2 protein chains.
Amino acid sequence: MAKENRKSTQEKLLLAARRLFCRAGIHATGITRILEEAGVARGSLYKHYGSKENLLKAVFDTEANMWFHWFDLDLPNLECSVRERILALFDLLEKWFEKEDFFGCVFINAVAEHEKDSRWVKDVAGAYRDQIIDRLKALVVESGARDSEVVTQKLGLIIEGAIVTAMVTQNSKAAHIARLAAEDVLRCTECSPSLSESPAPFATDSAMEPV
Amino acid sequence: MAKENRKSTQEKLLLAARRLFCRAGIHATGITRILEEAGVARGSLYKHYGSKENLLKAVFDTEANMWFHWFDLDLPNLECSVRERILALFDLLEKWFEKEDFFGCVFINAVAEHEKDSRWVKDVAGAYRDQIIDRLKALVVESGARDSEVVTQKLGLIIEGAIVTAMVTQNSKAAHIARLAAEDVLRCTECSPSLSESPAPFATDSAMEPV
DNA sequence: TCAATAATAGACCGATCAGTCTATTTTTAT
DNA sequence: ATAAAAATAGACTGATCGGTCTATTATTGA
């Protein structure tokens with residue numbers, strides 16, 4: 001008989017939960033629906049994860065690992081400049097958005113639908129976010145950009161905008177738009193050391209020095 | 001005696017619902033909690049709105065009206081260039097983020113926690129989003145930017161990134177970062193013809209495995 | 001003043017939720 | 001081969017959900 005199902009029970013639960021939490025929402029997803037989609041018995045879920053909340057935490061782990069894999073394995077292997085490596089991140093985003101089971105970022109979605117004062121969701125999601133931003137900042141610093149902190153925050157904001165835009169519009173082209181915006185940010189960064197608070201962005205001093 | 005409560009029953013329900021839907025999430029917010037916070041009887045909610053879903057739609061209306069007010073009343077009254085008007089939008093965002101009851105955008109949050117295939121949430125939220133983007137694009141076109149479509153999408157993406165970043169970090173400075181990024185986009189836009197001839201740091205397609 | 005309207009408190013309903021538990025079958029390791 | 005471990009189906013619980021309904025009190029307008 002066919003017995004190609006090599007995935008462990010934990011893995012099946014994790015994949016179904018990740019998919020459903022993002023596609024249907026966390027509160028709107030009942031345990032029973034996860035079990036149906038995973039093809040797993042009720043008791044197994046509570047044996048492995050103990051609670052729906054712990055299952056969500058495990059989903060957080062897998063999504064964080066996706067990001068860490070990008071930053072720690074995929075991007076470093078590219079034979080290109082640091083700047084190109086930063087921009088390549090948006091190509092990875094596009095690949096992600098194109099997946100048929102992309103329905104937004106589970107961190108963002110979880111924060112969106114949970115009590116904003118509650119400790120644990122913001123703490124867990126925030127901690128992972130910090131680790132991801134740290135890796136982004138390391139790239140920015142390595143690129144030699146001035147004001148790396150602000151550049152990092154700009155890029156992080158553009159990444160989050162891309163994720164949300166892709167979720168809302170269900171269109172992966174948000175990654176391409178985000179890349180173009182990131183290119184603008186990087187271009188302005190390298191040619192203008194004094195962008196900070198200038199209320200006159202119309203100054204024709206934009207001597208746009210390309211590389 | 002004190003009878004300063006001039007707000008109508010509808011208004012009290014609307015304000016409490018908007019606040020709670022964003023602060024605690026839509027699914028996580030029970031009817032009873034809305035009634036408590038609004039100080040209104042159960043029957044009144046169903047008399048005025050008929051269902052929780054209709055109440056959410058009414059909340060959508062109020063948030064959309066905030067945006068329309070910005071674009072149709074606040075920004076046009078500014079005595080400044082179109083470009084400055086576009087950037088002033090981010091100052092309005094900052095004011096919004098600074099409010100003690102800012103907990104994200106109800107459209108984004110609603111999409112995040114509802115079935116992604118479901119008709120009505122994406123349709124209603126998407127329709128409002130289109131109207132807002134249309135107004136943004138009108139400003140971009142008025143500014144004389146080339147490729148106004150792409151510029152509009154970049155700015156829209158930055159706006160959504162600002163909203164989500166502000167929600168996740170609970171820090172209104174996301175608006176400032178977003179404004180800086182928008183300035184970069186606009187700066188690159190106005191000098192865009194000279195950019196195409198530069199040795200642009202465009203990465204070629206990278207052979208990379210998606211996770 | 002007085003009838004119509006609006007708002008109130010709160011009991012109540014069926015459905016669904018996360019989580020527990022038991023009894024049985026399948027898988028695994030030795 | 002066999003005993004331990006893992007997974008199964010599904011009944012069950014107490015709580016909470018959105019929504020209905022009734023009976024009572026305030027508010028309003030002519």
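Being a predicted model, the structure only gives us computed values, none of them experimental. The figures here come from the full heavy-atom set of this structure, side chains too, leaving out hydrogens, waters and symmetry mates.
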Just the table, please: protein N/O against nucleotides 5-12 of chain C N/O, every pair under 3.5 Å.
unit_1: C:dA7; atom_1: OP1; unit_2: B:Thr9; atom_2: OG1; d: 2.9
unit_1: C:dA7; atom_1: OP2; unit_2: B:His48; atom_2: NE2; d: 2.9
unit_1: C:dT8; atom_1: OP1; unit_2: B:Gly39; atom_2: O; d: 3.4
unit_1: C:dT8; atom_1: OP2; unit_2: B:Ala41; atom_2: N; d: 2.9
unit_1: C:dT8; atom_1: OP2; unit_2: B:Ser44; atom_2: OG; d: 3.0

DNA chain C-proximal residues of residues 50-59 of chain A, any heavy atom under 4.0 Å: A:Ser51, A:Lys52
With A:Tyr46 via ring-ring contact (aromatic ring centres under 6.0 Å, His included) - residues at least two apart: none
Any pair counted as salt bridge (Lys or Arg N to Asp or Glu O under 4.0 Å), so long as it reaches residues 160-170 of chain B, sequence neighbours left out: B:Arg129-B:Glu160
With sequence neighbours excluded, residues passing side-chain hydrogen bond (donor to acceptor under 3.5 Å, both in side chains) with B:Lys137: B:Glu149
Five-pair end axes of the helix from C:dT1-D:dA30 to C:dT30-D:dA1, angle between them (10°): 30°
Which residues share a ring-ring contact (aromatic ring centres under 6.0 Å, His included) with A:Phe97, sequence neighbours left out: A:Phe102
Contact list for residues 26-41 of chain B, test side-chain hydrogen bond (donor to acceptor under 3.5 Å, both in side chains), sequence neighbours left out: A:Glu115-B:Arg33, B:Arg19-B:Glu37, B:His27-B:Glu113, B:Thr32-B:Arg42
Parallel, tilted or perpendicular, as decided by the 30° and 60° cut-offs, for the rings of B:Trp120 and B:Phe60: tilted
Under the side-chain hydrogen bond (donor to acceptor under 3.5 Å, both in side chains) test, residues paired with A:Gln170 that sit two or more places apart: none
Contacts of type side-chain contact (heavy atoms from CB on, under 4.5 Å), residue B:Asp130, not counting sequence neighbours: none
B:Arg23 with B:Asp101: basic N within carboxylate O range, under 4.0 Å: no
B:Lys47 atom NZ, neighbour heavy-atom count above 12 within 6.0 Å: no
Those residues that, when tested against A:Tyr49, pass ring-ring contact (aromatic ring centres under 6.0 Å, His included) (two or more places apart): none
Sub-4.0 Å heavy-atom contacts from residues 21-29 of chain A onto DNA chain C, ordered by number: A:Thr29
